[in-house]
Amino acid sequence: MAEYMLKMLMQVLINFSMGLIMALIIFIFGLWNIIQTYQPSPLTALFFFVTAACAAFAFVSTYLFALYGAAAGGVYGLVKMAETNGRIEGGPGGRRNIRGGRVDRSGGYQRQGAWGDQRNARAHYQ
């Protein structure tokens, strides 16, 4: 399930990136045509074109930076939450509750009964 969600997230990020970059390129080519229809002086036309192209690039790069930052923050938060849940459930790296015996490989602990019999006991929440 997690692999599928990461794959879909990457697909959405790639789609947004490609769409915004193509929109930027189309906008820049269309911008030059729009400027030419007003027949400005060459210096004014060049100044406006460079200014508008820089503004468009700044918008697209900021939007993509925010989008990728939000995605990275969300993935980081999910990983930390899964790590915390693993520790609570006694997974790798977490604390184990040991009372009166030693931890066996099945996750429970072994304790000795009243007459020396060995029996596996698990915590009540497992």
To the nearest 0.5 Å, how far apart are [atom1] in [X] and [atom2] in [Y]?
X     : Y     : atom1 : atom2 : value
Leu31 : Ile26 : CG    : CD1   : 13.5 Å
Asn85 : Lys80 : CG    : NZ    : 12.5 Å
Thr44 : Gln39 : OG1   : CD    : 13.5 Å
Tyr68 : Phe16 : OH    : CZ    : 10.5 Å
Met1  : Met5  : CE    : CE    : 5.5 Å
Leu20 : Leu67 : CG    : CG    : 8.0 Å

Would a 4.5 Å heavy-atom cut-off, applied to side chains only, mark [X] and [Y] as touching?
X     : Y     : value
Thr37 : Asn33 : no
Ile28 : Phe57 : no
Leu24 : Phe59 : no

[X] with [Y], same ILVMFWY side-chain cluster at under 4.5 Å:
X     : Y     : result
Val75 : Val12 : yes
Leu9  : Val79 : yes
Phe47 : Ile35 : no
Tyr63 : Phe27 : yes

